[in-house]
Amino acid sequence: MSNVPIIILKEGTEEVREKEARKQNITAMVAIAETVRSTLGPKGMSKMLVDSLGDVTITNDGAEILKNLDIENIAANMMVNVAKSIDEDIGDGTTSAVIFSAALLNNALELVEQGIHPRPITHGYKLAADKALSIIKEISIKISSDDDEVLKNAAKTAMNSKDIAPLKDFFADLALKAIKQIADEKGNNFAKVSNVKIVKAPGKSLKDTELINGVYTQKEKVNAMMPVSIKDARIAVIRRKLDVKKTEFDAQVRISSPSDIQKFLDQEDKILLDYLKIFKDLGVNMVVNSSDISDKFGAYLAKEGIAAIKSVGESDYKSILKAVGAKLVDDLTSLSEDDLGFAERIHFEKLGDDEYTLFTGCKNPKSVSILIKGGLDKILSTAEVSLNDVLSVIAKIIDTKTVVAGGGAIYIELAKRIRTYANEISGKEQLAVNAFALALEEIPKTLIKNAGLAEIEKLTELRAAHKTDDDKWVGIDTITNTIGDNYKRGIVEPAELINHIIKSGSELANLILRVDRIISAKGSRPEGL
Ligand SMILES: Nc1ncnc2c1ncn2[C@@H]1O[C@H](COP(=O)(O)OP(=O)(O)O)[C@@H](O)[C@H]1O
Ligand SMILES: [Mg+2]
């Protein structure tokens with residue numbers, strides 16, 4: 001952070017500089033929004049990303065494009081970061097967040113150019129954002145965590161704008177099963193999506209993708225003589241170096257006579273054989289160690305028909321613990337039946353170029369894997385990113401249990417109610433509240449435009465269709481190009497997604513509006529102004 005220019009947030013006195021700084025920031029942010037605007041929604045267009053080495057990626061994922069932009073303006077960078085935070089939290093909504101905050105800023109700029117001071121604008125925006133959040137709270141639909149149809153609809157809505165859209169039914173089923181498996185009995189604790197591990201494997205088509213009730217770990221057995229497959233596995237998951245310290249050994253060599261070395265080796269053997277006995281006594285036939293296993297000990301284990309993997313990373317052994325129901329043990333002497341995990345089968349296999357250990361047939365595993373199959377690497381990677389987003393969306397809804405209708409419906413309804421609210425507000429703030437409503441409509445407007453339909457005409461039609469409370473979910477379906485009740489048609493999104501877009505979009509807009517100068521910190525190159 002040492003080289004970034006400092007943004008001074010205090011209202012300044014130099015009118016000219018102030019206006020220029022603001023305009024410069026807003027222009028940069030609007031430019032970013034323009035680069036991703038045409039990707040929004042099911043009819044979004046793809047962009048071709050070319051990196052400095054000439055590698056080409058084609059994507060219609062706003063998040064992916066933003067990640068790859070080389071942006072100089074810091075305000076624009078802040079916008080990208082807000083978008084990323086939404087993507088991390090919800091797994092979706094990046095493009096919408098960018099379009100919305102750019103629209104807020106653009107509308108604010110117009111007001112500023114009409115001579116309105118930024119202060120009432122930011123105040124009005126804050127009022128409108130708070131109001132929008134309370135409206136969402138009031139009108140969003142409460143569902144239960146076993147309302148599978150809504151959950152699947154949300155998954156499909158998220159997939160509408162992705163490359164895997166043609167297989168959305170298939171992937172919605174698979175993703176829902178995966179999340180249900182890792183959620184707790186009450187359907188709460190959507191658990192971390194990281195408990196669904198996605199593994200890419202060669203195959204004919206994405207349709208061969210499978211949900212595995214168990215986990216894949218990218219590890220090979222430590223000794224070639226170990227069994228390739230283990231039935232009725234009794235698994236010890238440990239964090240203990242199965243080796244005798246090298247330093248001890250070196251010290252012995254330096255100061256000892258040959259007979260002492262032999263003594264040490266005997267001693268080493270004794271320690272290792274003691275370890276081995278602990279495993280044998282408990283009938284352990286698989287050892288998962290987050291620490292090292294010496295070659296010698298690996299050979300001992302192999303001789304006993306016990307398989308093992310070593311140096312297993314934290315996230316991997318945590319998944320294994322959750323899948324097989326084992327407890328992590330540091331002190332081997334305390335290892336007991338209670339600590340062991342179980343799997344009907346463990347198998348060592350090669351997927352593509354990598355070696356994996358697969359634990360399957362686990363009882364009620366709290367960690368599962370999705371094995372994505374497909375031919376081309378790029379297709380697999382895109383599917384992996386998309387599937388991750390879909391899992392996050394389902395998890396978010398199970399966690400928050402509220403949804404709204406997409407396809408612009410929620411934004412049109414919010415804009416309508418916020419315009420009514422604006423009437424209660426006097427002064428310049430009222431103009432800002434109305435500008436906020438207009439910015440909300442930028443999302444349906446963009447969906448319409450990207451579908452090649454007449455923006456103004458369809459937007460007017462949508463506004464007019466929102467007459468009573470019963471019409472609140474009327475939106476556009478840009479797959480069929482029709483206007484109708486989008487909740488009934490299954491176009492649904494987590495309410496939390498809209499909350500997030502509104503909250504961070506308006507906070508960011510306000511932050512930028514308050515900037516009156518950009519000063520470069522010592523040693524940095526001037527940016528912005
Ligand atoms: N069938 C549909 N018709 C119209 N809009 C849709 C449909 N399915 C999804 N959408 C909308 O597409 C938008 C999401 O587009 P997307 O390209 O994924 O952008 P983001 O990065 O914001 O998620 C949401 O507003 C969602 O409601
Ligand atoms: Mg999306």
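Order of listing sets the numbers, starting from 1, for every ligand and every atom in it. The shown structure was predicted, so the numbers you read here are calculated from the model rather than taken from an experiment. Position 1 is the first residue of the sequence, and the numbers go up from there.
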Proximity winner for atom 25 (O) of ligand 1, if only heavy atoms of E493, M159, K168, K162 are counted:
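The nearest heavy atom belongs to E493.
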Does any non-hydrogen side-chain atom of L127 lie less than 4.5 Å from one of I425?
yes
Between [X] and ligand 1, does any nitrogen or oxygen pair lie at a separation below 3.5 Å?
| X | answer |
| --- | --- |
| I479 | no |
| A158 | no |
| G407 | yes |
| D477 | yes |

Can we call the ring centroids of F436 and Y421 under 6.0 Å apart?
no
Please answer whether the main-chain N or O of N195 pairs with a side-chain N or O of K366 as donor and acceptor at a distance below 3.5 Å.
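Here the side-chain-to-backbone pair does not exist.
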Of the backbone atoms (N, CA, C, O) and the side-chain heavy atoms from C-beta on, which set of N160 has a member under 4.0 Å from an atom of ligand 1: side chain, backbone, both, or neither?
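It is the side chain that gets close, since no backbone atom is under 4.0 Å.
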Rounded distance (nearest 0.5 Å) linking atom [atom1] of [X] with atom [atom2] of [Y]:
| X | Y | atom1 | atom2 | value |
| --- | --- | --- | --- | --- |
| D469 | I139 | CG | CD1 | 8.0 Å |
| I99 | L40 | CD1 | CG | 4.5 Å |
| S319 | E314 | OG | CD | 10.5 Å |

N/O/S of D92 less than 2.8 Å from the Mg ion (ligand 2)?
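Yes - counting backbone and side chain alike, D92 has an N, O or S atom under 2.8 Å.
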Of the protein's non-hydrogen atoms, which lies at the shortest distance from atom 23 (O) of ligand 1, and what is that distance?
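Answer, as residue, atom name and distance: D92 OD1, 2.7 Å.
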